[in-house]
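Okay, structure first, notes after.
Numbers here simply count residues along the sequence, with the first being 1. Keep in mind it's a predicted model, so treat the numbers as computed, not measured.
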Amino acid sequence: MEKTIEWVKGENVSRMLDQTLLPYEYKKINITSTSMMYDAIKTMIVRGAPAIGIAGAHGVNLKALELKNSKVDYATFKAELLEGCDYLASSRPTAVNLMWAIDRQREIIKKETSVDGTVEALIENSIKLEDEDIEINKKIGYYGAEIVPLGATILTHCNAGALATVGWGTALGVVRSAFEKDKTIKVFADETRPRGQGARITTYELVRDGIDTTLLTDGMCAYFMSKGMIDVVITGADRIAANGDSANKIGTCTLAIVAKHYNVPFYIAAPKSTIDMSIKSGAEIPIELRSEEEVTIVNGKRICAEGVKVINPSFDVTPNELITGIITECGVIAPDNLKSIF
């Protein structure tokens, strides 16, 4: 499986799939500057918590190369590079993987003692993070497949697949691993308004893989659960608090509430790096508010009355008591026992 995002050493660029073009066009673009990377993260050219993390690491590479080319002294190089880390980390506040990957790069910056040594070490570390991401996702898929019943229909929300990571995926990584063992697996994918990541990206991935996929609008989950047509819900996460409260794309909490009512197991699939042990609960997770136009404009046309008010939170927080388990590369963990894997 080719990488969704990767550092190209010979060209010193970050090459990523432009996810805003899907499903109409599959196009990779080169990100060549820190400001381009900030905009790519902010405008969701690259999206999905693990992929955003790698993008942040690549952004640090680009900042280091810019400073190296400007021929500043080492003290200035280091100070401005750390400022660049802060700038990149501000591009999307909810996804903790972004801060985690940038912090991994900060460790390199603090340890190295020369401009050339820092640049080389940052690039090698970012490539290492790419490869680690794929291996971690495959472990998540392995453990997650164990909880999927034979012939199950899985409901997922937003996109947590290969396109939200470097490759394979978290929630969709579980689906892929389950499908390798059982070709009768089916998926219901929520469209995930307002950006439509489920409709545009999740269905694109699954249909390409030959997995039986049905697209639902976001309000249909209760109907299908009440009919016994959904066996398990699996979503990704952008940040998980120490108590297991999990932030994911807006609408995830609704699924969890309905799943609880109809006794449908609800799982989060996410790497250990998504768990933020520095915060006690989901109440401390910052929720990104995005533009009104994401809600009011569809395909360039306004779909509602002028003057209507819009509030557009990008994420909500699912309380730990609604989560059956969190599928990580360390196994399936109870939400209230996350400290056991640290």
* To do: Determine the sole option in L21, L17, V46, I45 for which the side chain to side chain contact (heavy atoms under 4.5 Å, CB included) test with I29 is passed.
  => I45
* Structure fact -> side chain to side chain contact (heavy atoms under 4.5 Å, CB included) test vs E205 passes for just one of V187, L163, V175, namely L163
* Polar side-chain atom of D245 near backbone of G282 as donor-acceptor pair, under 3.5 Å -> yes
* **Worked verdict on Q105 versus N61 for side-chain hydrogen bond (donor to acceptor under 3.5 Å, both in side chains)** => CA-CA 9 Å; Q105 296 288 63; N61 296 350; 3.0 Å; yes
* E288 bridged to R290 by N-O distance under 4.0 Å -> yes
* Asked: Checking S177 side chain against V174 main chain: does a donor-acceptor pair fall under 3.5 Å?
  -> no
* Separation of R47 CZ from I201 CD1 (nearest 0.5 Å) -> 4.5 Å
* To do: Return yes when atom OH of Y142 has more than 12 non-hydrogen atoms of other residues, nucleotides or ligands closer than 6.0 Å, and no otherwise.
  => no
* To do: Flag yes if more than 12 heavy atoms outside I303 fall under 6.0 Å of its CD1 atom; otherwise flag no.
  => yes
* side-chain hydrogen bond (donor to acceptor under 3.5 Å, both in side chains) between N159 and T202, worked out -> CA-CA 5 Å; N159 175 261; T202 296; 3.1 Å; yes
* Asked: Between atom CG of D218 and atom CG of L255, what is the distance when rounded to the nearest 0.5 Å?
  -> 8.0 Å
* **Taking every non-hydrogen atom, the tightest pair across I326 and S246** => CD1-OG, 4.2 Å
* Any ion pair linking K272 and E329 (charged N to carboxylate O, less than 4.0 Å)? -> no
* Answer yes or no: does atom NZ of K183 have more than 12 heavy-atom neighbours from other residues, nucleotides or ligands under 6.0 Å? => yes
* Result of checking N248, T170, N97 against T274 for side-chain hydrogen bond (donor to acceptor under 3.5 Å, both in side chains) -> N97
* Asked: For D190, does its backbone N or O pair with a side-chain atom of T192 as donor and acceptor, under 3.5 Å?
  -> yes
* Asked: Has the side chain of E292 got a donor or acceptor atom that lies under 3.5 Å from a matching backbone atom of K309?
  -> no
* Residue pair Y267, V233: steps toward the side-chain contact (heavy atoms from CB on, under 4.5 Å) verdict -> CA-CA 6 Å; Y267 289 91; V233 182; over 6 Å; no
* Asked: What do the steps show when you test W7 against I123 for side-chain contact (heavy atoms from CB on, under 4.5 Å), and what is the final call?
  -> CA-CA 8 Å; W7 185 261; I123 288 172; 3.5 Å; yes
* Spacing of CG belonging to D39 relative to CE belonging to M44, to within rounding of 0.5 Å -> 14.5 Å
* **Inter-residue atom distance I211.CD1 - T213.OG1, 0.5 Å rounding** => 6.5 Å
* Looking only at heavy atoms, what is the nearest atom pair of L62 and T34, with distance? -> C-OG1, 3.9 Å
* **OH/Y74: more than 12 non-hydrogen atoms of other groups inside 6.0 Å** => yes
* Mark yes when over 12 heavy atoms from residues, nucleotides or ligands other than E284 sit less than 6.0 Å from its CD; otherwise mark no. => yes
* To do: Please report the shortest heavy-atom distance between A49 and A237, naming the atom on each side.
  => CB-O, 3.9 Å
* To do: Please list, chain by chain and in numerical order, all residues satisfying salt bridge (Lys or Arg N to Asp or Glu O under 4.0 Å) with K339, sequence neighbours excluded.
  => none
* To do: Rounded to the nearest 0.5 Å, what's the gap from CD1 on I136 to OG on S273? Could you check?
  => 6.0 Å
* Asked: Are the side chain of R176 and the backbone N or O of W168 linked by a donor-acceptor pair below 3.5 Å?
  -> yes
* Asked: Measuring from L82:CG to F77:CZ, what's the distance to the nearest 0.5 Å?
  -> 9.5 Å
* Flag, side chain of T165 to backbone of P50, donor-acceptor distance under 3.5 Å -> no
* **Short side-chain to backbone donor-acceptor contact, R302 and A305, under 3.5 Å** => yes
* **salt bridge (charged side-chain N to carboxylate O under 4.0 Å, His left out) between E132 and R104, intermediate numbers included** => CA-CA 13 Å; E132 284 180 357; R104 291 280 293 267; 3.5 Å; yes
* **Check: A189 main-chain N/O paired with T156 side-chain donor or acceptor under 3.5 Å** => no
* Taking the side chain from R195 and the backbone from V295, do they hold a donor-acceptor pair closer than 3.5 Å? -> no
* Between Y38 and Y87, what is the ring plane arrangement, given parallel below 30°, perpendicular above 60°, and tilted in between? -> parallel
* Ion pair D86/R106, N-O distance below 4.0 Å -> yes
* Structure fact -> Residue pairs passing the salt bridge (Lys or Arg N to Asp or Glu O under 4.0 Å) test with at least one member in residues 1-18, sequence neighbours excluded, are E2-K28, K3-E130, K3-D131, K9-E124, E11-R15
* Asked: Is the backbone N or O of G173 less than 3.5 Å from a side-chain atom of N137, with the two atoms forming a donor-acceptor pair by type?
  -> no
